[in-house]
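Just so it is clear: chains get the letters A, B, ... in the order the sequence lines come, proteins before strands, and each one is counted from 1. Side chains included, hydrogens not; waters and symmetry mates left out as well; all remaining heavy atoms used. Predicted model only: the values in this text are computed from it and were never measured.
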Protein chains: 2
Amino acid sequence: MDDSGQNADGPAASKRKDARRNQQTLLDAAAAVFATSGVEAPVRDIAAEAGVGMGTIYRHFPTRADLVIAVYRHQVETCAEAGPALLAAGPTPHAALGRWVGLFVDFLVTKHGLAAAMQADNAGFETLHAYFLDRLLPVCTELLDAAAAAGEIRSDVGAYPFLRGVGNLCIGAGTDPRYDARRLVELLVEGLRPPHRP
Amino acid sequence: MDDSGQNADGPAASKRKDARRNQQTLLDAAAAVFATSGVEAPVRDIAAEAGVGMGTIYRHFPTRADLVIAVYRHQVETCAEAGPALLAAGPTPHAALGRWVGLFVDFLVTKHGLAAAMQADNAGFETLHAYFLDRLLPVCTELLDAAAAAGEIRSDVGAYPFLRGVGNLCIGAGTDPRYDARRLVELLVEGLRPPHRP
DNA sequence: TGCGAAACGGAACTACGCTCCGTATCGTTA
DNA sequence: TAACGATACGGAGCGTAGTTCCGTTTCGCA
């Protein structure tokens, strides 16, 4: 899966020193440009910001998804690792689920355009979608299972649709003060509770 | 607002006969291409399907949003009109809300790429966003207010974020069998219920 | 110091949105 | 019905952006 040149976070310990340095430069430049113009910023802009040619970008990060993943890897890892911790700490599995989802939402809404790019069918971003899934789906499954086992939520909602739903709700957040993704996600999490029999 | 050439559904009763005919041809062609390739299909493709030049498209529909609106106007109107009817018919306002939202979701998930295009910040689609809002927000508000007045849902959720949330949840539906937008929207609607005090 | 491999840069190719203007068509008037 | 102005048409052409390709430069080892 990581035959694409960049793995882990630091530039791979392989190859020439200038290449490693350029990779780091690129990562920094991309982070800066993403923050300003969103993850769909023109490749030329990122190259310019980094002071390198476009060929260099494509050599290090064959697809835009590779670059995005490399830039945000740390934060996604952190989010993934927070899942089990919250489950252990929280008063109930449902509360832990709520908090964990909140973390994910906080991450997404502050990354301009990331939630939209993460869409499954977004050409050129399939790898990005897959990465988020690989990393977060197991965590989400664990939390959902725990909450279901505790009888706090229905057990017929899959982690995949749920996680995608949360991601979808974050699209466009941060560009419109009237739209509060956090709130809607809270409602969705409430909606997971078993239908109360009156 | 409709100084753009096309209004209502039939070609405007104005101007030359060939122009009217072309406008209808364009609408049919666009509907066909949208169904196959989604609403982001290249303008050239639509022109080719209709057997006209691109200039003709831009003359009749200055922006892509105008074309999309024209193609789907009927269905959006139908959806909007169904709101009050459901409210009058349904057993409860909350049930009516659920059914109405279901109608909206059914519409969106069958229109490849429409939910995504409807995004507020999508360059060139602002008009589309505005049209959906103009048409559906009042209906949604009415349903939400009725349900809130009946004490069936919290009263602190605005119609705008709710409607956008529903739209967002529909993004990417229909391209992935694992993702069930309908289900998630149902959960969201359940999440609207007042927190039950134990 | 010399040399082959690795990396670099950016011109060039493709795809697409959108505009612009010469040409064709319509329908009205003499 | 012939002629003419207004209206509409078509598609070449321009700008922008993604992606590739290859001649040039740099690195690091012998």
Side-chain angles (χ1 to χ4, degrees), chain A residues 3-6 11-27 29-30 33-34 36-68 70 113 116-117 121-128, chain B residues 3-6 11-30 33-34 36-68 113 116-117 121-128:
Chain A
D3 51 305
S4 41
Q6 93 304 356
S14 55
K15 308 316 162 86
R16 274 165 48 168
K17 196 163 6 177
D18 59 342
R20 277 205 295 274
R21 188 164 31 77
N22 263 330
Q23 187 157 330
Q24 189 54 53
T25 305
L26 239 13
L27 248 18
V33 174
F34 286 171
T36 317
S37 317
V39 296
E40 310 248 26
V43 178
R44 280 169 172 76
D45 290 1
I46 301 168
E49 171 78 21
V52 304
M54 289 181 308
T56 303
I57 292 196
Y58 282 100
R59 193 167 321 99
H60 286 287
F61 307 100
T63 73
R64 184 188 295 267
D66 294 319
L67 182 53
V68 175
D121 56 339
N122 215 335
F125 284 92
E126 301 81 6
T127 316
L128 183 62
Chain B
D3 50 306
S4 42
Q6 94 304 357
S14 56
K15 310 314 165 85
R16 275 166 47 170
K17 197 166 3 180
D18 57 342
R20 278 206 294 274
R21 189 165 31 76
N22 264 329
Q23 187 157 329
Q24 188 55 52
T25 305
L26 240 13
L27 248 19
D28 296 344
V33 174
F34 286 171
T36 316
S37 316
V39 295
E40 310 248 27
V43 177
R44 278 178 236 267
D45 289 0
I46 300 168
E49 170 78 20
V52 304
M54 289 182 310
T56 303
I57 292 196
Y58 282 100
R59 192 167 321 99
H60 287 286
F61 307 100
T63 73
R64 184 188 296 267
D66 293 320
L67 182 53
V68 175
D121 58 339
N122 215 334
F125 284 93
E126 301 83 5
T127 316
L128 184 62

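A residue-by-residue look at G51(B) and R16(B) shows that R16(B) has its nearest nucleotide of DNA chain D further toward the 5' end. DNA chain C is contacted by both K17(B) and E40(B); E40(B) maps to the nucleotide lying nearer its 5′ end (nearest heavy atom per residue).
Side-chain N/O atoms of T56(B) include none lying less than 4.0 angstrom from OP1 or OP2 on dA8(D). Residue H60(B) has a polar side-chain atom (N or O) positioned under 4.0 Å from OP1 or OP2 of dC9(D).
Atom CD of Q23(B) is separated from atom P of dC9(D) by 9 Å (rounded to the nearest Å). Atom-to-atom, CG of D18(B) to C1' of dA6(D) comes out at 12 Å; the value is rounded to the nearest Å.
Taken from CZ in R16(A) to CZ in R21(A), the straight-line distance is 10.0 Å, to the nearest 0.5 Å.
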Is there a side chain to side chain contact (heavy atoms under 4.5 Å, CB included) between R59(B) and T56(B) once you walk through the steps?
CA-CA 5 Å; R59(B) 192 167 321 99; T56(B) 303; 4.0 Å; yes

Nucleotides 19-21 of chain D: which of its N/O atoms have a protein N/O under 3.5 Å away?
| unit_1 | atom_1 | unit_2 | atom_2 | d |
| --- | --- | --- | --- | --- |
| dT19(D) | OP2 | Y58(A) | OH | 3.2 |

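Listed for the E126(A) side chain is a donor-acceptor partner under 3.5 Å among the backbone atoms of G124(A). Listed for the R64(A) side chain is a donor-acceptor partner under 3.5 Å among the backbone atoms of V39(A). Remark: side-chain polar atoms of R44(B) are not paired, donor with acceptor, to backbone N or O of M54(B) under 3.5 angstrom.
Two residues are said to be in side-chain contact when any heavy atoms from C-beta on lie closer than 4.5 Å; L27(A) and F61(A) meet this criterion.
A side chain to side chain contact (heavy atoms under 4.5 Å, CB included) with V68(A) is found for exactly one of T63(A), L128(A), T127(A), namely L128(A).
D28(B) and T25(B) share no side-chain donor-acceptor pair at under 3.5 Å.
Bracketed by its first and final contacts, the part of DNA chain C lying under 4.0 Å from non-hydrogen atoms of chain A reaches from dA5(C) to dA12(C) in 5' to 3' order.
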